[in-house]
Student: 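Could you have a look at this structure, given as structure tokens, before my questions?
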Amino acid sequence: MNKFIFENIYKDINIPVIVCEDGDEMMVSFANREAYLLLNPSIILEKPDDADSSLHIPLRQLMRFQNEGDQDNIRKTLGHAGSLSQYSLKLMSPEAGVIPVKIAANTANLGESKYIIIYIYYDESDCDSTNEYNDILAYVLNTSYHSTDINQAVQMILSRVGEYIGVSRVYIFEDLFNNYTRNTYEWCAPGVEPAIQDLQNLCKDDYSYDIIVDPSGLYVSDDVSTLTEKDRAILEPQGIKALAILPLFKQDMPIGFIGYDDCIKTRQWSYKELMFLKGVGSVISSLIIRRNEETEIIRSHEVLQTISDNIDSIIYVNDMETFELKFVNRTLTEQLGVKSEGLLGRKCWEVLQMGMDGPCPFCPIPKLQYNGCAPDKRVKEYEHQNTITGNWYWVKDSVIRWVDGTLAHFEVAIDITLRKKYEEQLHYFASTDALTGVSNREWGIKMLHKTHGAIQVTKPAASLCFIDLDGLKPINDIYGHAAGDEAINTVARAISRRIRKEDMVCRWGGDEFLILLACDVMNADAVISNIQEDLKAKAKNGTGHSLSFSYGIVDFTMFDSVEAAIAAADSFMYNNKNYKYSRKPSAVAGINLQSHISR
């Protein structure tokens, strides 16, 4: 990201610029083409299209100081004063020998990093104007870099340059989308009437636009009276005597031009003066490009915000590395009950989940693979229950190229809470016995088959118990079917209180129940006996009919099929029931445990 900023400002500047890290070695982070042309031309010859602007080498290796102490002197001076101007030194070049130069330098902070920016000029000590040009150009560069308000920076540059070269007016025209141009910035010397308000929509066909933006030259006139009649018709009413207009480019495409008017006198524009203005134009171009890109980012953000705020789903974007939120929509802020200003810049897990002190265990970012250049188009989808709202969401995660050019995590979360509740209701009605509230026969068979398949691999202890109520018919005959239903319910509740979460009970039909217990037969028998005792205690307390049941237990793991296990347990239950009714009334209900196990 830092390299992108340096290139955007300094790549096309026609003076050597070097950016290095603030450290003992002053490692070079960026150098523009002009710097390599001056200091190491062989690199340009090897890479004619684009010098390696990110070559990470010590500054002394690139600049090759004749005096080895110059690098330390530069850093010490900047450490005390923060800037440096007109520092003379000599460099060694394999091609050109000793090169006398002067440098200007300043420090700059970018995020948590500190950089030193060095501007290099040929040392022409016999020419005072060169030094003045260099000082002004250094001011222009510093202003363009340090200002956070681009419009203000442009106005400051126009004012300083206009005053220095002694013109009456400096202005910038920019292309519009159609065949028109617009005067966007203007500086006027004291006493000069502004013209910007009258030049907002100037057709390119009405003046020599194509000549002005021709990359091969400059539109310069020492005396406006020598120009074509069409151009004079525009310039002379403004009192312009002489002018110099330089094109502004984004790469090879014209984006407008910057003009300098002298309304006092005709003048002789010197080559050095025009080269200086060309350098100013390069800086202005970079500022306009940067302003347009920032405007486009803001516009894109506003469009996305407007669209996403009218969508019922939660939408947010956060940084792939820092997890900091870059964007949230209104649905998210309304559900959390906060304003977007309180969320942006904070880490997603701090505000979107409860009680997290680091990335969530289910965080999708590590699972979203990307190659560092282009977003991966794959989308990760899953269901998730938010710990703050308690709502269920259908979540879609992907990687996108955000409006600032970085890769970011993009999430859309559709609230499916009502759907989940509906599904739970459907599941309940499909799996639950309406009378007792335990699982019905269909769901019980499904769970038995699922468990049977699993235990064939893991072989855990599991016991299947078949239960049949004793004496339900007399209750129905004497007290009615409502009392019979209550008796069935009483047994179902007694069973449910004794079994654990990992166990399963289903109503098999009528007054029959199947229980799958995650334990061996001996422990399963103890559980069933406890249920019998609970029913007896309830009857003694006078809170219900005297209820009991017959049962049979088998080792579920020993059968090749669910059906065989059920049949065996059912058979043992009937043996138990027949045994009970063949004994005296005082006999204890139950069967010999040895008969529970199918062999």
Student: Are any of the side-chain heavy atoms of Leu89 and Gln66 separated by less than 4.5 Å?
Tutor: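 Not touching, per the 4.5 Å side-chain cut-off.
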Student: Quick one, Tyr260 with Val161, criterion side-chain contact (heavy atoms from CB on, under 4.5 Å). Give me CA distance, side-chain angles, the key distance, then yes/no.
Tutor: CA-CA 10 Å; Tyr260 303 86; Val161 173; 3.9 Å; yes
Student: Between Phe173 and Phe257, what is the ring plane arrangement, given parallel below 30°, perpendicular above 60°, and tilted in between?
Tutor: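 Phe173 vs Phe257 ring planes: parallel.
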Student: Verify, without hydrogens or angle tests, whether Ser300 (side chain) and Glu296 (backbone) share a donor-acceptor contact under 3.5 angstrom.
Tutor: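 Yes: the side chain of Ser300 pairs with the backbone of Glu296.
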Student: Please determine whether side-chain contact (heavy atoms from CB on, under 4.5 Å) holds for the pair Cys203 and Asn179, giving the CA-CA distance in whole Å, both sets of side-chain angles, and the decisive distance to 0.1 Å.
Tutor: CA-CA 6 Å; Cys203 182; Asn179 196 38; 3.8 Å; yes
Student: Measuring only between side-chain heavy atoms, which start at C-beta, is Ile165 closer than 4.5 Å to Phe276?
Tutor: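 When only atoms from C-beta onward are counted, Phe276 and Ile165 do touch, with a gap below 4.5 Å.
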Student: Decide if atom NZ of Lys230 counts as having more than 12 heavy atoms of other residues, nucleotides or ligands within a radius under 6.0 Å.
Tutor: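 Enclosed.
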Student: One pair to check against salt bridge (charged side-chain N to carboxylate O under 4.0 Å, His left out): Asp22 and Arg75. What are the steps and the verdict?
Tutor: CA-CA 8 Å; Asp22 183 20; Arg75 187 162 181 261; 3.0 Å; yes
Student: More than 12 non-hydrogen atoms from neighbouring residues, nucleotides or ligands closer than 6.0 Å to NZ on Lys326, yes or no?
Tutor: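 Atom NZ in Lys326 is packed in, count exceeds 12.
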Student: I need the Gln200 CD to Tyr180 OH distance, nearest 0.5 Å.
Tutor: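 So the gap between those two atoms works out to 14.0 Å.
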Student: Look at the side chain of Glu21 and the backbone N and O of Ile116, then say whether any donor-acceptor pair between them is shorter than 3.5 Å.
Tutor: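 Answer holds: no.
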Student: For Ile315 and Phe410, run side-chain contact (heavy atoms from CB on, under 4.5 Å): C-alpha distance rounded to whole Å, both residues' side-chain angles, the deciding distance at 0.1 Å, then the answer.
Tutor: CA-CA 8 Å; Ile315 297 175; Phe410 176 75; 3.6 Å; yes
Student: Please check: side-chain N/O of Arg60 versus main-chain N/O of Met26, any donor-acceptor pairing under 3.5 Å?
Tutor: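 Checking the backbone N and O of Met26 against the side chain of Arg60, no donor-acceptor pair under 3.5 Å is found.
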Student: Before giving the answer on side-chain contact (heavy atoms from CB on, under 4.5 Å), spell out for Tyr164 and Tyr139 the whole-Å C-alpha distance, their side-chain angles and the decisive distance to 0.1 Å.
Tutor: CA-CA 12 Å; Tyr164 172 68; Tyr139 166 83; over 6 Å; no
Student: Ignoring hydrogens and angles, tell me if any N or O in the side chain of Asp222 forms a donor-acceptor pair with the backbone of Trp269 under 3.5 Å.
Tutor: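 Between the backbone of Trp269 and the side chain of Asp222 there is a qualifying donor-acceptor contact (under 3.5 Å).
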Student: More than 12 heavy atoms of other residues, nucleotides or ligands under 6.0 Å from CD of Gln197: yes or no?
Tutor: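 Enclosed: over 12 neighbouring heavy atoms sit under 6.0 Å from CD of Gln197.
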Student: Would you find a donor on one side and an acceptor on the other, under 3.5 Å apart, between the side chain of Ser168 and the backbone of Ile240?
Tutor: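 Side chain of Ser168 to backbone of Ile240: no pair is present.
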Student: Please check if the side chain of Asp262 supplies one atom and the backbone of Ala242 the other of a donor-acceptor pair under 3.5 Å.
Tutor: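 No; judged by distance alone, with no hydrogens or angles, the pair does not exist.
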Student: Tell me whether Asp72 contacts the main-chain N or O of Ile74 through its side chain, where contact means a donor paired with an acceptor under 3.5 Å.
Tutor: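 No, the answer is negative, given that no donor and acceptor are paired below the 3.5 Å cut-off.
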Student: State whether the side chain of Asn32 and the backbone N or O of Ile15 hold a donor-acceptor pair below 3.5 Å, judged by distance alone.
Tutor: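 Pair found, side chain donor or acceptor close to backbone of Ile15.
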Student: Look at atom NZ of Lys278 and say whether more than 12 heavy atoms of other residues, nucleotides or ligands are closer to it than 6.0 Å.
Tutor: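 12 or below, so no.
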Student: Report yes or no: does Glu236 contribute a side-chain atom to a donor-acceptor pair with the main-chain N or O of Val224 at less than 3.5 Å?
Tutor: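 No: the side chain of Glu236 does not pair with the backbone of Val224.
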Student: Check whether Asp223 reaches the backbone of Thr266 with its side chain - one donor and one acceptor, N or O, closer than 3.5 Å.
Tutor: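 Flag not set: sc Asp223 to bb Thr266 has no pair under 3.5 Å.
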